Protein chains: 2
Amino acid sequence: MQTRESLQQQFETRCRALGLAVTHQRTVIYGELIATGEHPTPEAVYERVKAQIPAISLGTVYKNVKTFLDAGLLKEVSLHHGTLRLDANTEPHHHMVCTRCRRIFDIPETEFGPVHLKNLPESGFQIDRFSIEVVGVCGACAAARPESSGPGASAADNKRVL
Amino acid sequence: MQTRESLQQQFETRCRALGLAVTHQRTVIYGELIATGEHPTPEAVYERVKAQIPAISLGTVYKNVKTFLDAGLLKEVSLHHGTLRLDANTEPHHHMVCTRCRRIFDIPETEFGPVHLKNLPESGFQIDRFSIEVVGVCGACAAARPESSGPGASAADNKRVL
DNA sequence: TATTAAACGATAATTATTATCGTTCGTCAA
DNA sequence: TTGACGAACGATAATAATTATCGTTTAATA
Ligand SMILES: [Mn+2]
Ligand SMILES: [Mn+2]
Ligand SMILES: [Zn+2]
Ligand SMILES: [Zn+2]
């Protein structure tokens with residue numbers, strides 16, 4: 001596992017490698033993100049960064065967060081943020097999610113062997129349930145575009161096949 | 001597992017039990033939701049319902065979807081929809097999510113035994129990774145309000161403790 | 001069948017996010 | 001070191017998803 005220190009040190013190098021200018025704003029935004037062990041919203045990042053750069057714009061935070069996500073410097077916690085996805089199946093079950101078309105398929109609970117945690121990092125956490133997502137590319141999408149080949153074909157191509 | 005038929009039959013009974021009027025709009029909205037094995041957005045539900053009730057309003061779909069979610073007739077696929085949550089930890093790992101304050105805690109991959117799927121329901125799905133979420137109530141929230149007691153304390157109380 | 005509160009449709013408002021555009025700044029070659 | 005230039009910035013407008021408001025309609029029940 002990378003330490004926060006080494007990540008911050010590597011930041012400049014990584015930007016250079018990606019052809020990204022190393023601006024003060026970017027340095028502070030990224031610094032705040034690795035400094036916190038939390039999973040903040042762009043708005044929350046903005047609040048923290050504003051303490052160090054009062055003139056920064058929320059738009060700049062959004063732009064750079066997107067840049068960092070594209071570059072792989074950051075990850076987003078949920079694949080399906082942005083719009084509500086409904087499930088009429090109220091029985092406990094799991095999901096398979098296609099990163100290309102965003103379709104979601106059910107997996108019955110019985111298809112998984114029992115999940116067991118060695119020990120909870122957060123003490124006092126009351127577990128309600130486990131939710132497993134199998135993340136990947138569905139058959140239809142894989143057939144349409146094998147591998148990650150094909151020029152100009154990015155991750156967020158398929159507009160609404162929901 | 002409940003069949004779609006029995007669910008649809010029970011709809012009226014369930015509404016009565018919940019004190020909800022059995023309207024044409026509600027019946028069709030719920031019918032479409034259980035008829036599809038998909039996990040549609042409210043917009044997609046609206047499109048399908050409009051074929052049967054051309055005069056229906058998108059607002060009505062949203063209102064009833066919310067009503068159904070509150071009543072437990074529907075579930076939402078993702079706990080963290082609505083706003084982007086960022087993660088500076090790009091190593092593979094899992095999460096613990098508090099349903100009260102929406103905070104997210106890391107769980108190292110090593111804390112879980114190997115997850116194995118018996119067989120994929122969708123053929124041709126290329127698995128990229130497994131993502132496990134431990135859903136429950138964090139220590140702080142549990143201490144603040146044990147059980148689901150306390151009047152007027154609903155699931156979406158804590159406004160932004162992100 | 002009349003009463004009435006709940007639900008509806010239309011539409012305004014809000015929130016999260018993205019786009020536009022003129023100005024500023026980091027990069028790099030001279 | 002400096003100057004040119006394109007990338008990035010801040011301000012702000014625009015868009016998308018969702019929620020709120022409000023006058024009208026309708027389901028429930030007596
Ligand atoms: Mn499902
Ligand atoms: Mn994490
Ligand atoms: Zn797909
Ligand atoms: Zn909590």
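What you are looking at is a predicted structure, and each value in this text was computed from that prediction instead of being measured.
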Could you check how far [atom1] of [X] sits from [atom2] of [N], rounded to whole Å?
X: F11(A); N: dG26(C); atom1: CZ; atom2: P; answer: 13 Å
X: L20(A); N: dA7(D); atom1: CG; atom2: C1'; answer: 10 Å
X: R102(A); N: dA17(D); atom1: CZ; atom2: P; answer: 13 Å
X: L86(B); N: dA16(C); atom1: CG; atom2: P; answer: 14 Å
X: H24(A); N: dG10(D); atom1: NE2; atom2: P; answer: 11 Å

Test side chain to side chain contact (heavy atoms under 4.5 Å, CB included) on H95(B) and D87(B) and set out the steps. CA-CA 11 Å; H95(B) 290 118; D87(B) 199 334; 3.0 Å; yes
Looking at [X], I'd like to know whether one of its side-chain N or O atoms comes within less than 4.0 Å of OP1 or OP2 on [N].
X: R26(B); N: dA27(D); value: no
X: T83(A); N: dT18(D); value: yes
X: H81(A); N: dA17(D); value: no

Over the length of the helix from dT1(C)-dA30(D) to dA30(C)-dT1(D), how much do the five-pair end axes diverge, rounded to 10 degrees? 40°
Contact nearer the 5' end of DNA chain D, comparing R16(B) with P42(B): P42(B)
So which one's nearest nucleotide on DNA chain D is more toward 5', I29(A) or A21(B)? I29(A)
Report which part of the nucleic acid Q25(A) touches: base, sugar-phosphate, or nothing (heavy-atom distance under 4.0 Å, all strands). sugar-phosphate
Please list, in numerical order, the residues of residues 49-68 of chain A that have a heavy atom closer than 4.0 Å to any atom of DNA chain D. A55(A), I56(A), S57(A), T60(A), K63(A), N64(A)
Looking only at side chains, do S78(B) and S78(A) share a donor and an acceptor under 3.5 Å apart? yes
Give a yes-or-no answer on whether the side chains of H39(B) and D106(A) include a donor-acceptor pair shorter than 3.5 Å. yes
Members sharing V137(B)'s hydrophobic cluster (side chains within less than 4.5 Å): none
Could you point out which residue of T36(B), V77(B), L69(B) forms a side-chain contact (heavy atoms from CB on, under 4.5 Å) with L86(A)? L69(B)
State the CG-CD1 distance between L117(A) and I127(A), to the nearest 0.5 angstrom. 5.5 Å
First locate atom CD1 of I53(A), then atom OG1 of T23(A), and finally report the distance between them rounded to the nearest 0.5 Å. 8.0 Å
Looking at Q10(A), R16(A), R14(A), which one forms a side chain to side chain donor-acceptor pair (under 3.5 Å) with E12(A)? R16(A)
Same cluster or not: are F112(B) and V135(B) linked, directly or through other Ile, Leu, Val, Met, Phe, Trp or Tyr residues, by side-chain heavy atoms under 4.5 angstrom apart? no
